[in-house]
Structures are given as C-alpha cells and as structure tokens.
Amino acid sequence: MGTSVAQWLDERTGAGTVWQALFKRKIPRGVNFLYTFGAATMFIFMLQAVTGIILAMYYSATPETAYDSIMFFTTQVGYGSIVRGLHHWGASSMVVLVALHALVVFALGAYKYPRELTWVVGILLLGIVVGFSFTGYLLPWDEKAYWATTVGTNMAGTVPFAGNFLLLVLRGGSELGAVSLTRFYAYHTVLLPSLALMLIVVHLYLVVKHGVSVPPWLWERKPKLEAKRVEA
Ligand code: HEM
C-alpha cells in the first residue's frame, strides 16, 4: 500500500528522485560524526518550526497581552510548558550546532572549491540563526527581554553612518514600544523563516550537487574522487 502510493506520487511528481538525491546519495569514505552537525541543525530547525507554530497560536503581540499570553500558554495549556521549553532550548542548541557545523566545515577545508557558495549561503544562514535568537528574545515582553533588546538595538544604532537608520528599521520608531514588538514578531515569524527556508533549499541543493567533501586525511586521493563527480 505504502509503496504503491509512493510509486503513484513518484510517477506524477518525480519526488522519488529528490528523495534519492537527499537520502540515498553516496558519501566518501572516512566521513564520521563531525559531518552530522549540519543535519542536526536541520533537525532542530524543523523542531523550532513545529513548536513555533504552536506557540504562535496562543501568542498575542501587544505590550499589554504578550507576557500574559505566554504565561497562559505555559501554565494553562496542556503540554504548553514542554512546547515552550523545547522552543527555548531548541533556540540555544541551534546556535551551538550551527556554530559547530561551521567550525567543522572550516577545519576540514570543506569550504574550498567547488563549495565556496555553499559556505557563503551558510554564512547568511548563520546570520539568520542569530537573528532568530535576537528577535525571539523580545517576544515574552518581560523586563529582561525589554532591556536586553534596548541594549541590542542601541548597539545597532552605533554603526557608523547607517546607525540611525538601522535603529529605526529595527524598532519601528525611536523608542522600544508596541510597534517594535509587532515588528520583531513579524521578523521572527515571517521574514526570517521565509529567508531561512529559501536559503536552506539552496544550501541543500549545493550539498547534493557537489556531494559531501572528502576528509583532509584522504586528500591524496581527492583529485580522483572529485574528477569522478565532475564526470557524473
Ligand atoms: C540553518 C543553518 C544550516 C543548516 C540547516 C545546514 C545544513 C547542512 C547540511 C544538512 C549539510 C550536509 C551534511 C554536512 O556536511 O553536515 C551541510 C553542509 C555544508 N554546510 Fe551547512 N547548514 C547550515 C549552516 C551552515 C553554515 C553557518 C555554514 C558555514 C558558514 C555552512 C556551510 C556548509 C558547507 C561548506 C557544507 C558542505 C560540507 C561538506 O561537503 O563536507 N552551513 N549543511
């Protein structure tokens, strides 16, 4: 039954080819757990999307109601504290995992030809992950969130020439207020997820196109392995 549905879909969409390319691709000999941080980041990203959507169903983005809506979710809604906890710790672990992923890619020289663009898209994704943390921090609208964001946006305001403009774009006004909260909510739930999704698709496309890099300890054999890929 499962196979016939899969076959039906594959014949009409070609989804099987995408599945094969993503999950049944060949990887070089010598690949070890260091290569798993990208996939781990991907997993946490999906977890954040699911828990974020549930949180958004209860969250109310005004200064009068934001804190209470989160307290209601945590204390009154079934599994609310677990969902919020997963989203909270997911955010921290995503920062750690993406940093480890970037460090490993750098240490193994996986950013070199022909993967320079994979690296550049990765750097943009790193910025987006930091952006998620920064914009999400304000949403509970408690003292800590308010003052941390005041300090953070003030720092953006010190950028030479563009500082004032950046401050206005981030806060939606000169002070942190109702417009800032709406704006941060839009950044966190609309702008950044859309950008992240697009960039992840490009990132994974490039990963599949170039294949996983050969570890440095097998580099003497690399020209042969890379040549095989180009031919294919
Ligand atoms: C949301 C953030 C990110 C996600 C979901 C993600 C996901 C992935 C996945 C699943 C892979 C393939 C498996 C692997 O080698 O680990 C990969 C490879 C790669 N990533 Fe990322 N990545 C992210 C951010 C970054 C960052 C910040 C960088 C570097 C600045 C980066 C650079 C690369 C490179 C160069 C490769 C190819 C590695 C190789 O072929 O060995 N990625 N990424």
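The model shown is predicted, which means the values in this text are computed figures rather than measured ones. The figures here come from the full heavy-atom set of this structure, side chains too, leaving out hydrogens, waters and symmetry mates. Just follow the structure's listing: the first ligand is 1, and inside any ligand the first atom is 1. If you read the sequence from its start, that first residue is 1, and numbering goes on from there.
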Using a 4.0 Å cutoff against the non-hydrogen atoms of [X], which atoms of ligand 1 qualify?
{"X": "Arg115", "result": "40 (O)"}
{"X": "Ala39", "result": "10 (C)"}
{"X": "Val212", "result": "40 (O), 41 (O)"}
{"X": "Leu126", "result": "27 (C)"}
{"X": "Met42", "result": "5 (C)"}
{"X": "Gly211", "result": "40 (O)"}

**Contact summary for Trp141 and Leu181, nearest pair of heavy atoms** = CE3-CD1, 3.8 Å

**Item:** Nearest heavy-atom neighbours spanning Tyr59 and Leu139
**Value:** OH-O, 2.6 Å

**Message:** With side-chain contact (heavy atoms from CB on, under 4.5 Å) as the criterion, how do Asn32 and Tyr35 come out once you've worked through the C-alpha distance, each side chain's angles and the decisive distance to 0.1 Å?
**Reply:** CA-CA 6 Å; Asn32 58 22; Tyr35 286 76; 3.7 Å; yes

**Item:** Nearest-0.5 Å distance, NE2 of residue His101 to CE of residue Met42
**Value:**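 Answer for the NE2-CE pair, His101 versus Met42, is 11.0 Å.
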
**Request:** Supply the atom-to-atom distance Trp89 CH2 to Leu47 CG, rounded to the nearest 0.5 angstrom.
**Result:**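 Between Trp89 CH2 and Leu47 CG, I get 14.0 Å after rounding to 0.5 Å.
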
**Message:** Which residue and atom name correspond to the protein heavy atom nearest atom 15 (O) of ligand 1, and how close is it?
**Reply:**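 Protein heavy atom with the smallest distance to atom 15 (O) of ligand 1: Tyr35 O, 3.9 Å.
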
**Prompt:** What residue and atom, counting heavy atoms only, is the protein's closest point to atom 38 (C) of ligand 1, and at what distance?
**Reply:**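 The closest heavy atom on the protein side is Ala110 CB, 3.9 Å.
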
**Item:** Donor-acceptor side-chain pairing of Ser69 and Ser60 below 3.5 angstrom
**Value:**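 Absent: no donor and acceptor within the cut-off.
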
**Request:** Determine the sole option in Leu195, Ile200, Val98, Leu191 for which the side-chain contact (heavy atoms from CB on, under 4.5 Å) test with Ile128 is passed.
**Result:** Leu195

**Asked** Does Arg115 count as lying over the ring of Trp119, i.e. NZ or CZ under 6.0 Å from the six-ring centre, within 45 degrees of the axis?
**Response** no

**Message:** Please confirm whether Ala99 approaches ligand 1 to less than 4.0 Å, judged on its heavy atoms.
**Reply:**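 Under 4.0 Å: no for Ala99.
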
**Prompt:** Going by heavy atoms in the side chains, are Ser81 and Phe73 under 4.5 Å from each other?
**Reply:**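 Contact flag for Ser81/Phe73 side chains = no.
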
**Prompt:** Would you call the rings of Phe37 and Phe33 parallel, tilted or perpendicular, where under 30° means parallel and over 60° means perpendicular?
**Reply:** perpendicular

**Item:** Region of Leu204 engaging ligand 1 - heavy atom pairs below 4.0 Å
**Value:**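 Only the side chain of Leu204 comes within reach of ligand 1.
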
**Message:** Going by side-chain hydrogen bond (donor to acceptor under 3.5 Å, both in side chains), name the pairs with one or both residues in residues 163-192, residues two or more places apart or in two chains.
**Reply:** Thr135-His188, Thr153-Arg171, Asn154-Arg171

**Complete:** Within a strict 2.8 Å cut-off of atom 21 (Fe) of ligand 1, protein N/O/S atoms tallied 2

**Message:** Any nitrogen or oxygen of Ser213 lying under 3.5 Å from a nitrogen or oxygen in ligand 1? Just yes or no.
**Reply:**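 Yes; the residue has a nitrogen or oxygen that sits under 3.5 Å from a nitrogen or oxygen of the ligand.
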
